[in-house]
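Here the structure comes first, spelled out in structure tokens, and everything after it is commentary.
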Amino acid sequence: MPLELYNTLTRGQEPLTPADPAHVTFYTCGPTVYDDAHIGNFRSFLAADLLRRFLESPLCTLSDASGAPHTGPRAVTHVMNITDVGHMTDDDDADGGGEDKMEAASKRLAEQQAAAGGQPSAKKHESKKSGTAHASLGSIDPRDPRQIAAFYAERFVEDARRLGLKVAIESEADPTVMPRASERIDQMKAMIESLAERGYAYRAGDAVYFDVQRFPSYGALSGNSLDALKGGAGGRVSDEHQSEKHHPADFLLWKSDPSHLMKWPGPKINGEQMPEGYPGWHIECSAMARERLGDELDLHSGGEDNIFPHHECERAQSCCTTGSDTFARHWFHPRFLMVEGEKMSKSKGNFFTARDLFDKGHEPAAVRLELLKTHYRANANFTEQGLKDGARVIERWRQFIARTDAKADPATTADARRTAQAGFVRAMEDDLNVAGALGSINSFITAVPTPSEQDASLLRNFDAVLGLLELERPAAEETSIGLFAAGLDPDPRVIELLELRRDARKSKDFAAADAIRNELTALGFAIKDAPGGKVEVSRA
Ligand code: AMP
Ligand code: ZN
């Protein structure tokens with residue numbers, strides 16, 4: 001079966017059929033860089049990365065336009081923007097009301113510096129929604145949102161690379177795959193001018209709006225209708241600018257505001273120069289997607305909150321610019337991440353950035369697995385226990401590869417390989433059923449006690465899709481990794497005891513450590529402390 005994916009536009013699972021099955025074009029809405037990205041953001045980005053990796057894998061079959069299977073080889077051009085322009089606090093506000101996120105972050109930093117007697121505050125704090133400034137921002141001028149954005153953009157790329165986001169890794173050699181909005185203002189203005197020339201956009205006072213009534217399928221992606229939006233569905237449309245708009249759902253393409261911290265010379269609307277200001281959020285992605293990927297894309301992704309208004313608006317602007325009725329053929333929207341069963345929020349203390357978790361000693365591979373292991377269309381539940389379990393799963397895979405025996409006869413495990421590969425591919429081709437794919441891998445590992453080179457190579461092929469084993473490993477004593485001697489299949493209960501013993505020794509509770517050693521002996525394991533915090537384990 002070729003890969004089938006749920007498509008938000010058609011509201012059904014259907015084969016992914018790129019225009020050219022050998023080269024898939026894929027755009028992902030990236031982060032707004034006024035703070036460090038949180039694990040919810042990364043869940044969306046990593047789901048897109050998983051899809052991209054599967055498309056690149058020789059294990060993935062697609063349908064071509066005639067319905068014939070395409071097995072590769074296949075390249076993916078994946079673009080993810082960085083929003084460093086600063087946008088309204090309330091992204092749903094069609095009129096651009098509310099406070100600018102970047103300006104909010106900038107103000108907060110200035111306040112903190114003032115409160116600390118001119119020194120940046122050491123407090124790591126507050127809400128992602130309104131922006132957070134960090135102690136290490138000391139060298140940055142809080143009045144300069146460009147410096148703040150550049151700082152967070154750099155940290156984002158660093159985190160993304162640690163988590164194995166391919167587009168971020170690739171951007172080192174090819175920065176055009178991670179365009180910065182602030183460097184693409186001319187492309188946005190060209191699009192706005194072209195839309196206005198052809199009657200899809202109009203000037204009203206200090207703003208330029210997109211005329212939604214000129215795009216008959218506005219609402220098709222999100223399931224909204226213009227009539228429902230007329231009534232200000234969901235309180236999205238503020239009253240302030242209603243009188244000057246043709247329709248309440250008309251959205252901002254440009255706002256002239258010379259007092260704005262981040263501003264650029266305005267576009268020319270039907271020959272008339274607009275005063276300086278800034279572009280609307282939606283036009284960014286339309287311009288950046290088009291620049292690198294062309295008029296029509298195979299795939300477009302973003303978190304579920306991007307469906308409306310952001311992607312609805314992108315689609316309208318892009319189609320009206322190019323004259324095509326297609327912008328992205330397939331829309332991929334991962335659901336939101338919950339933490340310990342609840343919505344993430346600072347006040348509940350369940351709000352984590354990726355950095356928070358790395359700082360707590362969790363290895364990037366465990367974070368990646370915890371964020372990927374639930375189907376992307378289910379609300380994933382992130383737990384610290386899940387992180388620990390994930391670290392053990394990954395360790396089990398590492399041990400499998402470490403146990404590879406060049407003398408093992410691959411013929412004896414041929415059936416296990418066939419079953420595992422069929423199970424993995426079937427699961428992934430069924431709308432990226434990652435839990436099913438992980439189940440196939442784990443059954444394979446259990447079925448093959450002494451792996452041959454071919455067995456190890458199959459696991460590596462699976463892992464090229466999941467992207468775990470290539471990630472940096474923490475120091476040996478920090479995890480269960482260093483605790484196991486090659487040849488032992490780590491039993492979770494034993495690992496837990498070893499970790500408890502390590503913690504007891506760290507806190508100099510030697511009585512407890514000895515009691516745990518006795519428990520391990522009773523279970524049939526002999527342990528020996530080795531240099532560097534390592535513990536060698538053997539069957540007693
Ligand atoms: P932002 O930096 O706020 O523009 O968000 C970047 C991306 O993260 C967007 O695609 C959002 O839809 C996505 N996102 C935000 N919060 C969550 C969450 N809790 N779970 C999953 N994705 C999220
Ligand atoms: Zn976007």
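Note that the structure is predicted; figures quoted are calculated from it, not measured.
The pair Lys263-Asp257 does not count as a salt bridge, with every side-chain nitrogen at least 4.0 angstrom from each carboxylate oxygen. Salt-bridge annotation for Lys373 and Glu370: present, with a side-chain N of the basic residue lying under 4.0 Å from a carboxylate O of the acidic one. Note on Arg290 versus Glu296: no salt bridge recorded, every NZ/NE/NH1/NH2 to OD/OE distance being 4.0 Å or above. A salt bridge between Lys360 and Asp356 is absent, with no side-chain N of the basic residue lying under 4.0 Å from a carboxylate O of the acidic one. With respect to Glu193 and Lys189, no salt bridge is recorded, no charged nitrogen being found less than 4.0 Å from a carboxylate O. The residues Glu158 and Arg355 are annotated as salt-bridged, a charged nitrogen and a carboxylate oxygen being separated by less than 4.0 angstrom. Taking the charged nitrogens against the carboxylate oxygens, Glu284 and Arg184 have no contact shorter than 4.0 Å, which rules out a salt bridge. Contact check on Lys166 versus Asp49 returns no salt bridge, with no Lys/Arg side-chain nitrogen under 4.0 Å from an Asp/Glu carboxylate oxygen. Salt bridge annotation for Arg292-Asp174: present, with a cationic side-chain nitrogen under 4.0 angstrom from a carboxylate oxygen.
With 3.5 Å as the limit, one finds no donor-acceptor pair spanning the side chains of Tyr218 and Asn224. Checked by atom type, the side-chain pair Asn306/Glu314 shows no donor-acceptor distance below 3.5 Å. Donor-acceptor pairing under 3.5 Å is recorded for the side chains of Asp84 and Ser182. Checked by atom type, the side-chain pair Glu14/Thr10 shows a donor-acceptor distance below 3.5 Å. Side-chain contact check for Asp64 and His70: no donor-acceptor pair (N or O, by modelled atom type) lies under 3.5 Å. Thr28 and Ser301 share a side-chain donor-acceptor pair at under 3.5 Å. There is no side-chain donor-acceptor pair under 3.5 Å between Glu312 and His282. A donor and an acceptor atom, one from each side chain of Ser171 and Arg161, are located under 3.5 Å apart. Glu340 and Thr383 are not linked by any side-chain donor-acceptor pair at a separation below 3.5 angstrom, with hydrogens and angles left out of the test. A donor-acceptor contact under 3.5 angstrom links the side chains of Ser318 and Ser286, judged on distance only. No hydrogens or angles considered: nothing links the side chains of His78 and Glu170 as a donor-acceptor pair under 3.5 Å.
The number of heavy atoms from other shown groups lying within 6.0 Å of CD (Glu154) does not exceed 12. Atom CZ of Arg198 has more than 12 neighbouring heavy atoms from other residues, nucleotides or ligands inside a 6.0 Å radius. Environment of NZ in Lys348: crowded, with over 12 heavy atoms of neighbouring residues, nucleotides or ligands closer than 6.0 Å. Within 6.0 Å of CD in Glu172 there are 12 or fewer heavy atoms belonging to other residues, nucleotides or ligands.
When every heavy atom of Leu253 is checked against every heavy atom of Gln317, the shortest pair comes out as CD2-OE1, 3.3 Å. The minimum heavy-atom distance between Gly341 and Asn381, with the atom names listed, is N-OD1, 2.5 Å. Nearest heavy atoms, Pro145 versus Leu261: CG-CB, 3.7 Å. Closest of all the heavy-atom pairs between Pro279 and Ile185 is CG-CD1, 3.9 Å. Across all their heavy atoms, Leu165 and Arg368 have their closest contact at N-NH1, 4.1 Å. A pairwise comparison of heavy atoms in His23 and Asp298 identifies O-OD2, 3.7 Å as the closest pair.
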Criterion side-chain contact (heavy atoms from CB on, under 4.5 Å) on Leu226 and Gln213, from CA distance to verdict: CA-CA 8 Å; Leu226 281 182; Gln213 291 169 103; 4.0 Å; yes
Verdict with reasoning, Glu429 to Thr61, per side-chain contact (heavy atoms from CB on, under 4.5 Å): CA-CA 8 Å; Glu429 287 182 344; Thr61 301; 3.6 Å; yes
Criterion ring pair (Phe, Tyr, Trp, His ring centres under 6.0 Å) on His330 and His300, from CA distance to verdict: CA-CA 6 Å; His330 219 108; His300 193 313; over 10 Å; no
Check against ring pair (Phe, Tyr, Trp, His ring centres under 6.0 Å), Phe156 and Phe45: CA-CA 12 Å; Phe156 172 76; Phe45 302 144; 5.6 Å; yes
Working for side-chain contact (heavy atoms from CB on, under 4.5 Å), residues Met274 and Lys268: CA-CA 6 Å; Met274 294 285 293; Lys268 268 196 177 149; over 6 Å; no
Test ring pair (Phe, Tyr, Trp, His ring centres under 6.0 Å) applied to His38 and Phe352, step by step: CA-CA 6 Å; His38 58 63; Phe352 301 109; over 10 Å; no
Step-by-step side-chain contact (heavy atoms from CB on, under 4.5 Å) determination, Met80 to Cys29: CA-CA 6 Å; Met80 185 165 91; Cys29 287; over 6 Å; no
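Here the NZ atom belonging to Lys255 is positioned 4.0 Å from the CG atom belonging to Asp206, to the nearest 0.5 angstrom. Atom CG of residue Asp295 and atom OG1 of residue Thr326 lie 11.0 Å apart, to the nearest 0.5 angstrom. Leu5 CG to Leu55 CG: the interatomic distance, rounded to the nearest 0.5 Å, is 7.5 Å. Annotation: the span from Leu337 atom CG to Lys343 atom NZ amounts to 12.0 Å, rounded to 0.5 Å. The distance from the OG atom of Ser44 to the CD1 atom of Ile39 is 12.0 Å, given to the nearest 0.5 Å. One distance of note links CD1 of Ile283 with CH2 of Trp254; it measures 11.0 Å at 0.5 Å rounding.
With contacts defined as side-chain heavy-atom distances shorter than 4.5 Å, the pair Trp264/Tyr278 qualifies. Residues Pro18 and Leu62 meet the side-chain proximity criterion, which asks for heavy atoms closer than 4.5 Å. Between Thr83 and Asn81 there is a side-chain heavy-atom pair separated by less than 4.5 Å. Between Asp431 and His375, some side-chain heavy-atom pair lies under the 4.5 Å cut-off.
Cation-pi geometry between Arg43 and Phe336 is not met at under 6.0 angstrom from the ring centre and within 45 degrees of the axis. A cation-pi arrangement is not found for Arg52 relative to Phe26, the charged atom failing to lie both closer than 6.0 Å to the ring centre and inside a 45° cone about the ring normal.
Of the possible donor and acceptor atoms, one in the side chain of Lys245 sits under 3.5 Å from a partner among the backbone N and O of Asp250. Remark: the backbone N or O of Trp331 is paired with a side-chain donor or acceptor of Asn7 at under 3.5 angstrom.
A parallel orientation is assigned to the rings of Phe210 and Tyr200, their planes being inclined by less than 30° (bins at 30° and 60°).
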